[in-house]
2 protein chains.
Amino acid sequence: MATPARRLLGALAASDRPLYEEVRGRLIEGISQGAWQPGEALPSEGELARAFGVAVGTLRKAVDTLVAEQVLVRRQGKGTFVTSHDGRRLMFHFFHIVERGGGKAYPEVRLIDFRRERAMPEEAAALGIAPSEKLIRVRNLLSLGGRPAILDDIAIPAQLFPGLTEKIFRARDNTIYHLYQSRYGINVLRTDERLRAVLASREVAPLLQVAPGAPLLEIRRVALTFRDRPVELRLSRVDTARHDYHNTLGKDVAA
Amino acid sequence: MATPARRLLGALAASDRPLYEEVRGRLIEGISQGAWQPGEALPSEGELARAFGVAVGTLRKAVDTLVAEQVLVRRQGKGTFVTSHDGRRLMFHFFHIVERGGGKAYPEVRLIDFRRERAMPEEAAALGIAPSEKLIRVRNLLSLGGRPAILDDIAIPAQLFPGLTEKIFRARDNTIYHLYQSRYGINVLRTDERLRAVLASREVAPLLQVAPGAPLLEIRRVALTFRDRPVELRLSRVDTARHDYHNTLGKDVAA
DNA sequence: AAGTGGTCTAGACCACTAG
DNA sequence: TAGTGGTCTAGACCACTTC
């Protein structure tokens with residue numbers, strides 16, 4: 001932002017690592033600093049190659065890795081774009097609850113609490129911030145097929161999201177990660193999740209409309225941006241009576 | 001197998017899809033038919049490119065995709081190898097239970113049942129076999145840190161694993177997927193898992209040494225090989241009192 | 001027609017492994 | 001030293017999008 005694109009596009013300095021990694025680093029720098037906004041096109045491959053002083057093939061190799069990591073998307077005839085967190089495709093990249101049959105479940109979100117509080121020590125550690133720094137806490141109840149199914153407790157460092165109010169959070173017409181991206185330039189690129197089975201507590205049971213002691217799936221998620229910097233903690237309790245958590249590993253290897 | 005490598009390596013026929021996809025298809029054919037065994041090296045890139053009648057760059061592009069899908073591994077100076085399912089790296093690719101702290105958990109396996117039975121209709125459908133075809137059923141109890149933690153019920157089509165006996169299953173000194181691969185040439189490349197929270201039944205509770213009604217994580221896994229052909233069903237119940245199911249999405253995007 | 005990404009080639013040179 | 005994969009280049013031509 002403060003840095004003009006000129007610096008991002010200058011010729012490469014000497015280095016002992018491969019040129020395409022150097023180029024990749026510059027592209028990441030540009031994207032993470034917002035020089036190219038989500039949804040925007042990068043300069044063409046020819047231009048970028050010329051600017052960096054490398055062959056087009058080398059530039060393409062760098063872009064290839066970022067496309068594989070879903071940071072960029074190519075559109076033939078149009079250009080190469082910074083991935084945007086709206087639309088259904090990316091939403092389901094991070095949303096893993098599906099109907100028992102396998103069909104996609106579209107959640108309806110209701111915000112039931114919004115507050116600012118100091119972080120607990122473990123939260124501060126997990127988010128890589130100073131102990132007892134301010135957090136924004138959001139509690140969402142997600143319904144699937146008209147019934148409450150997921151209770152989300154979200155915690156984000158207030159520092160990273162200046163001016164974020166309950167009103168803005170409510171007015172959001174897209175995914176939460178799209179809000180992070182469009183308003184604060186924070187791209188959620190990865191998640192790290194730990195799952196376990198628990199029994200519904202007295203606090204949680206009525207919200208999910210299950211009996212206390214009913215089995216729930218508990219998910220502790222850390223959302224990460226560039227360089228694995230944590231940006232969000234999320235504790236989900238899922239009523240898996242009618243839905244499953246769906247995880248696939250690998251892609252179809254077809255001829 | 002029956003087909004000599006000669007056919008696999010012949011020049012490419014005319015086609016409307018890209019050359020590198022054509023090459024990729026040939027390589028998959030060769031690997032899935034066992035022309036190149038797991039752990040073995042393929043012919044060098046130069047040789048392969050000459051055999052297919054394409055440039056080395058094109059051959060490399062095809063190999064790149066298979067390396068990304070973990071079907072092949074490159075070793076500089078040595079060659080390109082068919083991925084082998086032994087070793088710890090691949091084991092943890094499909095084993096997602098970790099210690100609460102995050103450390104890797106090495107399971108100790110005890111086979112507690114082995115039998116042949118006809119498939120239930122849903123099983124046959126999930127495995128893509130004829131209804132009431134024969135299955136091999138294996139029940140394993142996995143212990144972590146000396147305590148029972150996971151109960152696995154495995155079902156595989158007997159047809160696919162001729163001559164597989166309880167003795168062979170017991171004698172296995174490596175992972176189950178390594179057994180499939182080394183003895184039957186079946187490469188597990190993908191898994192599809194559905195998770196939910198359940199309460200321990202009277203049948204399962206004593207095996208896992210938990211009280212009936214204790215929360216358990218239930219995992220229904222389908223293991224797939226080339227062309228998404230299903231080869232194994234696995235129902236796991238995990239005591240998540242001391243362990244978590246760990247799932248990460250995406251890789252670190254670092255400069 | 002002009003501009004974008006996608007495919008493919010041919011060849012130079014480097015880095016690593018093994019005998 | 002010979003053989004392997006890894007990097008990088010320069011350029012031709014194709015396919016798609018937009019005007």
Side-chain angles (χ1 to χ4, degrees), chain A residues 5 9 11-27 30-31 36-37 39-84 255, chain B residues 5 9 11-27 30-31 36-37 39-84 255:
Chain A
L9 292 176
L12 267 38
S15 160
D16 48 355
R17 53 176 191 165
L19 276 179
Y20 70 88
E21 283 186 16
E22 210 69 38
V23 170
R24 174 187 150 91
R26 291 289 197 92
L27 294 175
I31 299 160
W36 303 299
Q37 295 287 328
E40 271 185 28
L42 267 55
S44 77
E45 298 185 336
E47 277 181 71
L48 284 172
R50 223 175 310 119
F52 291 134
V54 301
V56 179
T58 303
L59 185 278
R60 278 184 65 83
K61 180 153 184 175
V63 170
D64 281 344
T65 67
L66 293 172
V67 168
E69 287 162 356
Q70 310 233 37
V71 175
L72 297 176
V73 287
R74 288 204 178 96
R75 293 192 204 128
Q76 190 174 9
K78 302 182 72 174
T80 302
F81 299 77
V82 180
T83 303
S84 174
Chain B
L9 291 177
L12 267 38
S15 159
D16 48 355
R17 53 176 192 166
L19 275 179
Y20 70 87
E21 283 186 17
E22 211 67 39
V23 170
R24 174 187 150 89
R26 291 288 196 94
L27 294 175
I31 298 161
W36 304 299
Q37 295 288 327
E40 269 185 29
L42 266 56
S44 77
E45 298 185 337
E47 277 181 70
L48 283 173
R50 223 175 311 119
F52 291 134
V54 300
V56 179
T58 303
L59 185 278
R60 278 183 66 81
K61 181 153 183 175
V63 170
D64 280 344
T65 66
L66 292 171
V67 168
E69 287 163 356
Q70 310 234 39
V71 175
L72 297 175
V73 288
R74 287 205 178 95
R75 292 191 205 130
Q76 189 174 6
K78 301 182 75 173
T80 302
F81 300 78
V82 180
T83 302
S84 172

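By convention in this document, chain letters (A, B, ...) are assigned in the order of the sequence lines, proteins followed by strands, and residues within each chain are numbered from 1. These numbers come from the heavy atoms of this one structure, side chains and all, not from hydrogens, waters or symmetry mates.
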Quiz item: Considering only dC8(C), dC8(D), dG5(C), which nucleotide approaches the side chain of L19(B) most closely?
Solution: dC8(C)
Practice problem: Could you state the atom-to-atom distance from CD of E40(B) to C1' of dT4(D) in whole Å? | Solution: 17 Å
Quiz prompt | Atom-to-atom span, CZ of R60(A) to C1' of dT4(C) - whole angstrom | solution = 11 Å
Exercise. Answer yes or no for R75(B) and F81(B): cation-pi contact, defined as NZ/CZ to six-membered ring centre under 6.0 Å and angle to ring axis within 45°.
Key: yes
Exercise. Check A62(A) against V23(A) and note the closest heavy-atom contact, atom names and distance.
Key: CB-CG1, 3.6 Å
Which atoms of nucleotides 10-16 of chain D (N or O only) lie under 3.5 Å from a protein N or O atom, and what are those distances?
from	atom 1	to	atom 2	distance (Å)
dA15(D)	N3	Q76(A)	NE2	3.1

Quiz item: From L42(B) CG over to W36(B) CH2, what is the distance, rounded to the nearest 0.5 angstrom?
Solution: 5.0 Å
Practice problem: Treating a pair as Watson-Crick (purine N1 to pyrimidine N3 plus N6-O4 or O6-N4) or G-U wobble (N1-O2 and O6-N3) with both distances under 3.5 Å, list the stems of 3 or more consecutive pairs that involve DNA chain C. | Solution: C:1-18 with D:1-18
Practice problem: Hey, which sits more toward the 5' end of DNA chain D by its nearest nucleotide, E47(B) or E21(A)? | Solution: E47(B)
Exercise. For E21(B), check side-chain contact (heavy atoms from CB on, under 4.5 Å) against everything at least two apart and list the hits.
Key: R17(B), P18(B)
Quiz item: For dC8(C), does either OP1 or OP2 sit under 4.0 Å from a side-chain N or O belonging to T58(B)?
Solution: no
Self-check item: Residue list, salt bridge (Lys or Arg N to Asp or Glu O under 4.0 Å) with E69(A), at least two apart or on another chain
Solution: R24(A)
Practice problem: Please check the phosphate of dT4(C) (OP1 and OP2 only) for any side-chain N or O of S44(A) closer than 4.0 Å. | Solution: yes
Quiz item: Would you say R75(B) reaches dT17(C)'s phosphate, i.e. side-chain N/O to OP1/OP2 under 4.0 Å?
Solution: no
Quiz prompt | Charged N-O contact under 4.0 Å between R74(A) and D64(A) | solution = yes
Quiz item: Which parts of residues 61-74 of chain A get close to DNA chain C, meaning a heavy atom less than 4.0 angstrom away?
Solution: R74(A)
Quiz item: V71(A) versus V82(A): any side-chain heavy-atom pair under 4.5 Å?
Solution: no
Quiz prompt | Distance test, side-chain N/O of Y20(A) to OP1/OP2 of dT7(D), below 4.0 Å | solution = yes
Practice problem: Identify the heavy atoms of S84(B) and G39(B) that sit nearest to each other, and give their distance. | Solution: CB-N, 4.1 Å
Quiz item: Taking the side chain as C-beta and beyond, is there a heavy-atom pair between L27(A) and F52(A) under 4.5 Å?
Solution: yes
Quiz item: Rounded to the nearest 0.5 Å, how far apart are OH of Y20(A) and CG of L59(A)?
Solution: 14.0 Å
Quiz item: Tell me: CD of E45(A) to P of dG6(C), nearest whole Å?
Solution: 6 Å
Practice problem: Measure from CG on L42(A) to C1' on dG3(C) and round the result to the nearest Å. | Solution: 16 Å
Exercise. Please state how far atom CG in L59(B) lies from atom P in dT7(C), giving the value in whole angstrom units.
Key: 16 Å
Quiz item: Considering only heavy atoms from C-beta outward, does the side chain of I31(A) approach that of L72(A) to under 4.5 Å?
Solution: yes
Exercise. Just jot down the side-chain contact (heavy atoms from CB on, under 4.5 Å) partners of T83(A), sequence neighbours excluded, or say none.
Key: V73(A), L90(A)
Practice problem: Give the rounded distance in Å between these two atoms: CZ of R17(B) and P of dC8(C). | Solution: 11 Å
